[in-house]
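By convention in this document, chain letters (A, B, ...) are assigned in the order of the sequence lines, proteins followed by strands, and residues within each chain are numbered from 1. Given the structure is predicted, the values throughout are model-derived calculations rather than measurements. Side chains included, hydrogens not; waters and symmetry mates left out as well; all remaining heavy atoms used.
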2 protein chains.
Amino acid sequence: MLNKLIQQVRKVVDLNESEVVVFTKYVETQRLKKKQLILQSDKVCKYLYFVEKGCLRMYLINKKGAEQITQFALDGWWISDYQSFMNFTPSDYYIQAIEESEIVAIENQNFEALLIELPQLEKYFRIMMQKAVAGAQFRSKLLYEMSKEEFYIHFKTSFPEFMMRVPQYMIASYLGLTPEYLSELRKKKL
Amino acid sequence: MLNKLIQQVRKVVDLNESEVVVFTKYVETQRLKKKQLILQSDKVCKYLYFVEKGCLRMYLINKKGAEQITQFALDGWWISDYQSFMNFTPSDYYIQAIEESEIVAIENQNFEALLIELPQLEKYFRIMMQKAVAGAQFRSKLLYEMSKEEFYIHFKTSFPEFMMRVPQYMIASYLGLTPEYLSELRKKKL
DNA sequence: TGAATTTCTTAAGCCAGTTTAATTTTTAGT
DNA sequence: ACTAAAAATTAAACTGGCTTAAGAAATTCA
């Protein structure tokens, strides 16, 4: 139930069997069905989530009452509302399974305790956060230099499997355009 | 020349005097004059930069030939092109001092070596990266839920001192709007 | 302190992307 | 397989924010 995570950690730091057992004590694994929510607006995001299998989305409800997706998380990705997670403040987000999924969840307090008991993990999480920053920076660069049309084309060619896996209106939401306009773009270029 | 950084690190982890000396071996300090560039497009961003004093901006040149600012860094902030830094790939960015500034720079290789010699620092950098992720997430949330007008008002009320310190056209660029439109907004609401 | 350069403003015309609303297609549950 | 619900399409009218162009104001530095 947490093979993928252990495997990923071991790419960065050594963990022997007994350390894996310790690790296991601090995390929870969960099976989610499609549409199941693991975070709701106004609640504190108490967990860091790792997707073992499946796909999650993070979204907020905007003033117009529409769902605005800000992030997806596929197998092997981490997802959380980091501000809420770090400061125990209520979140504005929802996190929901798009497909049946398996996740590993680490609670706030346990995260601190885990890093004290297995300080080697600091390095793993430092690198994972570093990659997240790089990713965010890259994404914001794309937003700055591309039109929505170009952004859509970029996304489509970068993640073709993802296009198949996720409903179109969610992709539209993530890309920050209306389903109607996305439909128009699809008609235009194949 | 690196007091602020040491002070900031010590808020998170203990560092005795001799460890500070070790730290010092792995970093370089630099004084920058206004408009001095420390990263140019097509070069690898070999450093992680910490601003001791002053103000930097990070920007790229878009297709139309205009400078697009993607980040500012004030006293006490870190800045880098993380993708370039981690993968030794050429950057698309420029990083430039807006004011006379003092910075601490850590080179790639030294960063790795430093973290091996002083592994306590993993925690400091994990937390600093975690905050960067939280910041990026917050910023992207604002972009998703606000119009450009609202984004401008938000920025203006959140960082009033900053508005004074930096030319308006740079703020416009950072906010992703034209100087002309910013000017129009300023006229509208005081 | 004056000339050059950089920054800011104004206003009109324009377009990428939204809104609205109605129709069709696909998906999921029984 | 049938029905209800969810998702995708179409098209027309509309708008937030951009472009262009020209002038005014503020900085910079010799």
Looking at A:Ala105 and A:Gln30, what are the two nearest heavy atoms and their distance?
CB-NE2, 4.2 Å
Is A:Arg139 positioned over the aromatic face of A:Phe155, cation under 6.0 angstrom from the ring centre and no more than 45 degrees off axis?
no
Using the six-membered ring of A:Phe162, assess whether NZ or CZ of A:Arg165 lies under 6.0 Å from its centre and within 45 degrees of the ring axis.
no
Closest approach of A:Cys45 to A:Ser80 (non-hydrogen atoms, all atoms of both residues)
SG-OG, 3.4 Å
Minimum heavy-atom distance A:Lys63-B:Met146, with the two atoms named
NZ-CA, 4.2 Å
Can you tell me which nucleotide in D:dA7, C:dC8, D:dT9 comes closest to the side chain of B:Gln168?
C:dC8
Does OP1 or OP2 of C:dT9 have a side-chain N or O of B:Arg186 closer than 4.0 Å?
yes
Between the protein and nucleotides 21-27 of chain D, list the N/O to N/O atom pairs that are separated by less than 3.5 angstrom.
none

Taking the six-membered ring for Trp, is the centroid-to-centroid distance between A:Tyr26 and A:Phe111 below 6.0 Å?
no
Work out which heavy atom in B:Glu150 is nearest to a heavy atom in B:Glu145; give both atom names and the distance.
OE1-O, 4.0 Å
Can you check nucleotides 12-17 of chain C for protein contacts, nitrogen or oxygen pairs under 3.5 Å, and list what you find?
residue	atom	partner	partner atom	Å
C:dG17	OP1	A:Lys148	N	3.0
C:dG17	OP2	A:Tyr181	OH	2.7

Taking atom C1' of D:dA8 as reference, at what distance in whole Å does atom CD1 of A:Ile171 sit?
12 Å
Rounded to whole angstroms, how far apart are CD on B:Glu99 and C1' on D:dT28?
16 Å
Do B:Leu56 and B:Ile98 have side chains that get closer than 4.5 Å, going by heavy atoms?
no
Whole-Å distance separating the CE atom of A:Met170 from the C1' atom of D:dA6:
11 Å
For B:Tyr169 and C:dT5, give me the distance from atom OH to atom P, rounded to whole Å.
16 Å
Are side-chain N/O atoms of B:Asn16 and B:Ser18 paired as donor and acceptor at under 3.5 Å?
yes
If the helix axis at each end comes from five base pairs, how far does the helix from C:dT1-D:dA30 to C:dT30-D:dA1 deviate from straight, to 10°?
70°
Ion pair present between A:Glu122 and B:Lys123, side-chain N to carboxylate O less than 4.0 angstrom?
no
Would you say D:dA11 has OP1 or OP2 under 4.0 Å from some side-chain N or O of A:Lys187?
yes
Specify the residue among B:Lys35 and B:Leu182 whose closest nucleotide of DNA chain C lies further upstream toward the 5′ end.
B:Lys35
Looking only at the aromatic ring of each residue, does the gap between the centers of B:Tyr59 and B:Tyr93 stay below 6.0 angstrom?
no
